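The next block holds one structure in the form of structure tokens; read it before the comments.
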Amino acid sequence: MRSSTVRCAVIEKENPETERPDTFLRDSDGQNGSVSSSSSVRVRFEKMIRDAQDSVCEAIERADGGGKFKEDVWSRPGGGGGISRVLQDGAVWEKAGVNVSVVYGLMPPEAYRAAKAAASDQKPGPIPFFAAGISSVLHPKNPFAPTLHFNYRYFETDAPKDSPGAPRQWWFGGGTDLTPAYIFEEDVKHFHLVQKNACDKSDPSFYPRFKKWCDDYFYIKHRGERRGLGGIFFDDLNDYDQEMLLSFATECANSVVPAYIPIIEKRKDMPFTEQHKAWQQLRRGRYVEFNLVYDRGTTFGLKTGGRIESILVSLPLTARWEYDHKPEEGSEEWKLLDACINPKDWI
């Protein structure tokens, strides 16, 4: 009996599709006629993430100059699905993944805790949920060109207050952060300024708050250092007007291209040595460590039986681990590590 309970407490396995549907939403979240305010947010959030996926992929292909995204469309029998796009071994990008998903399902309490990051929220039984989001990690080949990660999501638990599980809740989460192997101060300042401008359109308190949240979240505890040079990050955000937060998430997603592509254009063709490449690969190793050990999105996807190829698309094609590696003090590599250990205010 227990094993069947565990089996049902996951999202359904995906089916490959040959064409992109107009929507992954269930009919009850319909596009036309009278819909609840919750359904309306679902409809508009799905449109936002699919538009963002298109614009980011177009910008990546233009900057790469040759590589093309491979697209996989998938659906689930009970509703929901997603579009996974990956560009590998391009002229500029080693691996670039940009995924969107709209998922309905049941999650066990441990997955709910992973999603909410709060042990006190544990409930006794499987919890119906709705989750939609865009998630992307972009790993360039050139060690002077930084990796970028961004993710924006909307989440609801569907159980009404008088049923087992969790009462109905909703929240937004996400962020955009920069992970270079080498510091070019003008690049990092540009990136953080674009994040601040996106935040300021909704609330001037957002950037300092979410910048610190980012520094704290992308912390590799067993290393005592951050994964990169930060940006913004927020989660479980529902203490503001829902319309404002939808607009804020949209502004953040739309800021990805202007924050990142100008940096890539400056750095993608810089000459580099094998030493530069080896350091980049060591930093990629840190990226892998964080994503597999600490990242809540990865944990949630694995605990709910999500699509493995989409969950692990964030990992680079190659990475490196050296025993007891320590960069020489004062070197460019040391400066990067110092900034990961001691977060800075870039603007």
Side-chain angles (χ1 to χ4, degrees), residues 63 92-95 137-150 175-197 207-208 210-233 256 258-291 293-295 314-347:
V92 173
W93 273 276
E94 175 187 291
K95 187 179 183 186
V137 178
L138 310 170
H139 292 295
K141 289 182 173 179
N142 194 307
F144 296 122
T147 285
L148 183 87
H149 158 258
F150 73 92
T176 306
D177 64 285
L178 196 70
T179 307
Y182 290 91
I183 296 177
F184 294 92
E185 202 154 312
E186 66 271 28
D187 294 354
V188 187
K189 287 181 177 179
H190 164 79
F191 174 79
H192 276 268
L193 186 60
V194 174
Q195 305 314 304
K196 182 180 186 301
N197 289 340
Y207 174 75
F210 297 156
K211 191 268 185 191
K212 183 180 186 306
W213 200 339
C214 187
D215 289 336
D216 292 343
Y217 178 77
F218 292 105
Y219 181 64
I220 309 171
K221 297 182 183 69
H222 60 271
R223 296 283 188 182
E225 63 191 63
R226 276 80 190 162
R227 189 178 74 178
L229 301 186
I232 58 170
F233 178 84
V256 168
Y260 183 56
I261 295 299
I263 298 173
I264 289 296
E265 293 292 352
K266 283 197 291 185
R267 307 302 171 195
K268 65 181 182 178
D269 297 319
M270 288 182 65
F272 59 87
T273 66
E274 289 185 12
Q275 178 187 349
H276 295 136
K277 190 67 179 177
W279 174 247
Q280 179 200 48
Q281 296 297 287
L282 284 169
R283 297 311 303 174
R284 294 268 170 85
R286 299 292 202 267
Y287 209 97
V288 172
E289 289 177 28
F290 178 85
N291 281 28
V293 177
Y294 301 112
D295 185 69
S314 64
L315 302 183
L317 281 183
T318 58
R320 180 184 181 102
W321 286 266
E322 290 182 18
Y323 180 75
D324 198 27
H325 181 274
K326 292 183 175 66
E328 181 182 349
E329 186 168 348
S331 66
E332 293 302 311
E333 292 80 8
W334 180 89
K335 290 176 184 176
L336 184 281
L337 182 58
D338 181 65
C340 291
I341 294 172
N342 303 296
K344 303 178 186 297
D345 291 325
W346 296 100
I347 53 176

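Numbers here are sequence positions counted from 1. Side chains included, hydrogens not; waters and symmetry mates left out as well; all remaining heavy atoms used. The structure displayed is predicted, hence computed values, not measured ones.
Of the candidates K95, R284, E94, T318 forms a side chain to side chain donor-acceptor pair (under 3.5 Å) with just one, namely E94. The one candidate from Q195, H192, K196 that meets the side chain to side chain donor-acceptor pair (under 3.5 Å) condition with Y207 is H192. For the side chain to side chain donor-acceptor pair (under 3.5 Å) with T273, the lone residue among H276, Q275, K277 that qualifies is H276.
A donor-acceptor pair shorter than 3.5 Å can be found between the side chains of Y217 and D295. Between E333 and Y182, the side chains place a donor N or O and an acceptor N or O closer than 3.5 Å (distance only, hydrogens not considered).
Side-chain rings of H190 and F184 stay apart, their centers remaining 6.0 Å or farther from each other.
Residues K221 and V293 are not in side-chain contact: their nearest non-hydrogen atoms beyond the backbone lie 4.5 Å or more apart. Within the 4.5 Å cutoff, the side chain of R223 has no heavy atoms near those of the F290 side chain. Counting heavy atoms from C-beta outward, L178 and Y260 have side chains that approach closer than 4.5 Å.
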Table please: side-chain donor-acceptor pairs of residues 140-150 below 3.5 Å, with sequence neighbours left out.
unit_1 : atom_1 : unit_2 : atom_2 : d
K141   : NZ     : G90    : O      : 2.7
N142   : OD1    : F144   : N      : 2.9
N142   : ND2    : R267   : O      : 3.3
N142   : ND2    : K268   : O      : 3.2
N142   : ND2    : M270   : O      : 2.7
T147   : OG1    : H139   : ND1    : 3.0
H149   : ND1    : D177   : OD1    : 2.7

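Using a 4.0 Å cut-off between charged nitrogen and carboxylate oxygen, E225 and R283 count as a salt-bridge pair. Ion pairing of E186 with K189 is absent here, as no side-chain N (NZ or NE/NH1/NH2) approaches a carboxylate O to less than 4.0 Å.
Between A181 and W279, the shortest heavy-atom distance links the atoms O-NE1, 2.7 Å. Across N291 and R227, no two heavy atoms sit closer than the pair OD1-NH1, 2.8 Å. Here the closest non-hydrogen pair linking A63 and V92 is O-CG2, 3.5 Å. Across all non-hydrogen atoms, the minimal contact from P258 to V194 is O-CG2, 4.3 Å. The nearest pair of heavy atoms linking A339 to K344 is CB-CE, 3.9 Å.
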Working note: V137 + L315, criterion side-chain contact (heavy atoms from CB on, under 4.5 Å); need CA distance, chi angles, decisive distance, verdict. CA-CA 8 Å; V137 178; L315 302 183; over 6 Å; no

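The CG atom of D215 lies 10.0 Å from the SG atom of C340; values are rounded to the nearest 0.5 Å. To the nearest 0.5 angstrom, E289 atom CD is 6.0 Å from I220 atom CD1.
Residue K266 qualifies as enclosed at atom NZ: its count of foreign heavy atoms under 6.0 Å is above 12. By the 6.0 Å contact criterion, CG on N342 is enclosed, its count of non-hydrogen atoms from other residues, nucleotides or ligands being greater than 12. Within a 6.0 Å radius of CD in E328, no more than 12 heavy atoms belonging to other residues, nucleotides or ligands are found.
Every residue two or more places apart in sequence or in another chain was checked for a salt bridge (charged side-chain N to carboxylate O under 4.0 Å, His left out) with E274, and none qualifies. Partners of K326 by salt bridge (charged side-chain N to carboxylate O under 4.0 Å, His left out), not counting sequence neighbours, listed by chain and number: D324.
Between the side chain of R226 and the main chain of I341, a donor-acceptor pair closer than 3.5 Å is present.
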